[in-house]
Amino acid sequence: MTFFIILLVVVVVIFAVKNIRLNLISRPTFKMFKKVLPPLSQTEREAMEAGDVWWDGELFSGNPDWQKLHRFPKPELSDKENAFMDNQVETLLAMLDDYQIVQKDKDLPKDVWDYLKSEGFFALIIPEKFGGREFSAIANSTIVSKIATKSLTAAVTVMVPNSLGPGELLLHYGTTEQQNRWLPTLATGEDVPCFALTGPEAGSDAGSIPDSGVVCMGDHNGEEVLGLRLNWSKRYITLAPVATVLGLAFKMYDPDGLLGGEKELGITCALIPTDHPGVETGERHYPLNMAFMNGTTYGEDVFIPLDWIIGGQQGAGRGWRMLVECLSAGRGISLPALSTATGHLAAKMTSAYAMVRQQFGVSIGQFEGVQEALARIGGLTYALESCRLMTAGAIDLKLSPSVVTAIAKYHMTEMGRTVMNDAMDIHSGKGIQVGPNNYLAHGYMGIPVSITVEGANILTRNLMIFGQGATRCHPFVLKEMEAAAMEDDDAALEQFDGLLMDHIMFAACNASMAFVHGLTRSCFAKAPVSGETAVYYKQLTRMSRGLAICTDVAMLMLGGELKRKEMISARLGDVLSHLYLASTVLKRFEDEGRQQADLPFVKYAIETSLYEIGQAFDGFFKNFSNPVVNFVLKRIVFPLGNHYHKPSDAIAQSICKHMTQPGVFRNRLTHLCYVDENAGTGVMESAFLAMHDMQTQFKDLKQWQRKGKVPATLDIEGAINYALENDLLKQTDADAMHHANKLRKQAIAVDNFQPGEL
């Protein structure tokens, strides 16, 4: 006992007496920290500093403030945005024949292009003073989602001018002259923009772009002016074949010192009319059979004046920061919108098909194998819409949360892929026969496009989410890195000492609370609500504690090596990601008034996220380099073992029951799905509603066949007629059943083509 008292006194003295603490603790730790500090390139540093920390910071804190989550405004459309949805968007959707667009014309019809331009679809983010719509991020997202349920080609065409491109860059960084010159013509569609970043040798590693701009004197409009001699070759550029104005990213050099500063200024962005001498555009790519305009642009020794740099001469070398901050809009609005559209379309049509399609005399939706896949579609669709709403809502708060948008981009596109695969499995043969009535095929082809753009998903998961999150969102690490970079060692040590003490307390608190929560199954953790979702808040708080302590240990043990241990860091990124996804589900459930019918979907989504968190932690513990540390961390986070599991069959069956019942809930779950009365979606939905209305009569008919009252050898039409003739059915019921069966046969039919037609 005496020994422990003495040890405690020694520890207290070491930490309480500043000079002793500095020499024994802070100074050696500071030296070690500087040694293991991961080296950051200029582009990495700018990416790290760009954007905002938002709810992701709370999730890294170990103790998220759930009341703060509830206080975030509910994302909603304004009256003018709702009017645009009800009028212009509905009109556009009625104009689109996606089979004709994709399979025959390989382009949008001229009247659609004209309508998009005249009605401001390309000007959703441009302020009204320049002639734009000035819509919110949530409106932008909702418009793109709704269009994507009818035509991915049209959705991408609308999406690009309203995400990363000249319009957004001009709004944030353009000079007054540039804004006045370009924004009005972009708003009216007189100018069509594209932005060229990716090249043959530089995709996800945008910092290595070889495209160059060298400061020199040159001729412009008959005068010799200071400008740039540009050389570039870009590919995968959406709208490039039809663009009239090109946003271009390149590395800027001033070898002769004409600007009087550095010779290598860094990545720079410029705005160039595509009819400018030397600019080459027009060649098309053909991305997985999609008809949206995508292609190349290149130029050799193209001279432009300096004032074409976005932001003017002051924008020289600032391009990477511009891109990183603006890329978050594409990741947070456009791609999540496309993925959510996949969910809405798949949920509505697959739930209908599961009831309409029959095998072995019953609807396939009654088979548990189909129910498992249908439940996954429903649960993930609820999660997709939740994440779409909260992420776009963050952008409407005038934030640029780069980590959150990276999470949304990666996980939502992957969830969209899962949902589409399940929809294709359930539709089976109907899903693979391309034709005017196939509402899944083009979406299935387009899924990999979303996976690869705005940073390939492998890169996003393995480098961006945790790489940025661990540093930006952690309460102390970035501040400690800044202290380590200070030139005055004494001042740096003084600042580091205070941060280190706070960091040690932070880690100790998270470790102890994670262990306590693990022993008690989070029974004593706080929740901001009562009822069935309270347990989820408690479990997410527990996993937040686990993430915080594991991150601290991983960074301490591996230092700069952690950046290269992508399999390890990605698993911690998965934990952060699923904490965020589950948070968005809880936020939506509260915002929409805790609808009782939503509970199975809420449970499915959050229990899926908790299961994935448990799997990510298991992978981390099994593969972390130090077995002793592995053992200790696992016992801290899961002292009684990992008990997270996938959602139960009962939850899955409850979801299927809700999805296959027409009414308010199913309409809310799939409200963005456009049902075209003249196409496959309309036929399927009509068949679903008709079959549902007559389901009791069809069940009776089956019973009569089993009991021998109606011959079992008769097909459905014959059985209906036999039952009518033998007074088992009324004429009105028989007519309604014949009508429903006719629609059913139309719905399950696939497109056929005459010889030579294709």
Side-chain angles (χ1 to χ4, degrees), residues 46 50-51 116-117 120-137 139-140 144 157-197 206 213 227-228 230 232 234 237-240 242-250 252 265-276 279 281 297 304-334 395-396 398-400 454:
E46 289 185 3
L116 292 174
K117 294 175 181 180
F121 280 87
F122 293 165
L124 301 180
I125 64 171
I126 295 176
E128 289 181 346
K129 68 178 181 180
F130 295 110
R133 291 286 181 179
E134 200 170 349
F135 282 172
S136 62
N140 187 350
V144 171
T157 302
V158 170
M159 174 184 93
V160 169
N162 294 296
S163 56
L164 176 63
E168 187 176 13
L169 292 169
L170 283 169
L171 284 172
H172 288 90
Y173 308 105
T175 64
T176 301
E177 292 77 9
Q178 289 171 338
Q179 291 177 346
N180 290 333
R181 161 61 186 89
W182 290 109
L183 290 177
T185 55
L186 288 170
T188 61
E190 179 182 342
D191 279 306
V192 176
C194 70
F195 189 85
L197 174 61
L228 292 164
L230 296 169
W232 75 89
K234 304 286 190 178
I237 311 306
T238 301
L239 295 187
V242 295
T244 62
V245 57
L246 167 69
L248 182 69
F250 56 90
M252 184 170 169
L265 287 87
I267 295 176
T268 302
C269 298
L271 211 55
I272 310 168
T274 57
D275 61 1
H276 186 64
V279 178
T281 60
T297 174
I304 66 169
L306 279 183
D307 59 10
W308 286 11
I309 293 173
I310 295 178
Q313 189 172 328
Q314 298 301 315
R318 296 185 60 212
W320 183 238
R321 178 176 287 274
M322 293 179 186
L323 294 172
V324 170
E325 291 180 346
C326 289
L327 274 168
S328 65
R331 293 195 185 102
I333 297 176
S334 302
I395 296 171
D396 277 329
K398 307 306 178 187
L399 298 172
S400 180
E454 303 285 13

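Across all their heavy atoms, A187 and F130 have their closest contact at CB-O, 3.6 Å. For the residue pair D396 and A137, the shortest heavy atom distance occurs at OD1-N, 2.6 Å.
Using a 4.5 Å cut-off on side-chain heavy atoms (C-beta onward), L271 and R181 make no contact. Between L239 and P161 the shortest side-chain heavy-atom distance falls below 4.5 Å. Looking only at side-chain heavy atoms (C-beta outward), Y173 and I309 stay at 4.5 Å or farther from each other. Looking at heavy atoms from C-beta onward, Q314 lies out of side-chain contact with T175 at the 4.5 angstrom threshold. Looking at I333 and V144, their side chains never come closer than 4.5 Å, going by heavy atoms from C-beta outward. Looking at heavy atoms from C-beta onward, W308 lies out of side-chain contact with L228 at the 4.5 angstrom threshold. Inter-residue side-chain proximity for L183 and K129 is flagged as unmet; no heavy-atom pair is nearer than 4.5 Å. Counting only heavy atoms from C-beta outward, the side chains of L170 and L186 approach each other to under 4.5 Å.
For the salt bridge (Lys or Arg N to Asp or Glu O under 4.0 Å) test, no residue two or more places apart in sequence or in another chain qualifies with E190. When the side-chain hydrogen bond (donor to acceptor under 3.5 Å, both in side chains) test is applied to E128, the partners found at least two apart in sequence or on another chain are K80.
In this structure, the side chain of T268 engages the main chain of G266 through a donor-acceptor pair within 3.5 Å. A side-chain donor-acceptor contact under 3.5 Å links N162 to the backbone of F121. The main-chain N or O of V192 is found under 3.5 Å from a side-chain atom of T244 such that the two form a donor-acceptor pair. D191 places no side-chain N or O within donor-acceptor distance of the main-chain N or O of V245, the cut-off being under 3.5 Å.
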**Report entry** Check against side chain to side chain contact (heavy atoms under 4.5 Å, CB included), T281 and I237
**Finding:** CA-CA 10 Å; T281 60; I237 311 306; over 6 Å; no

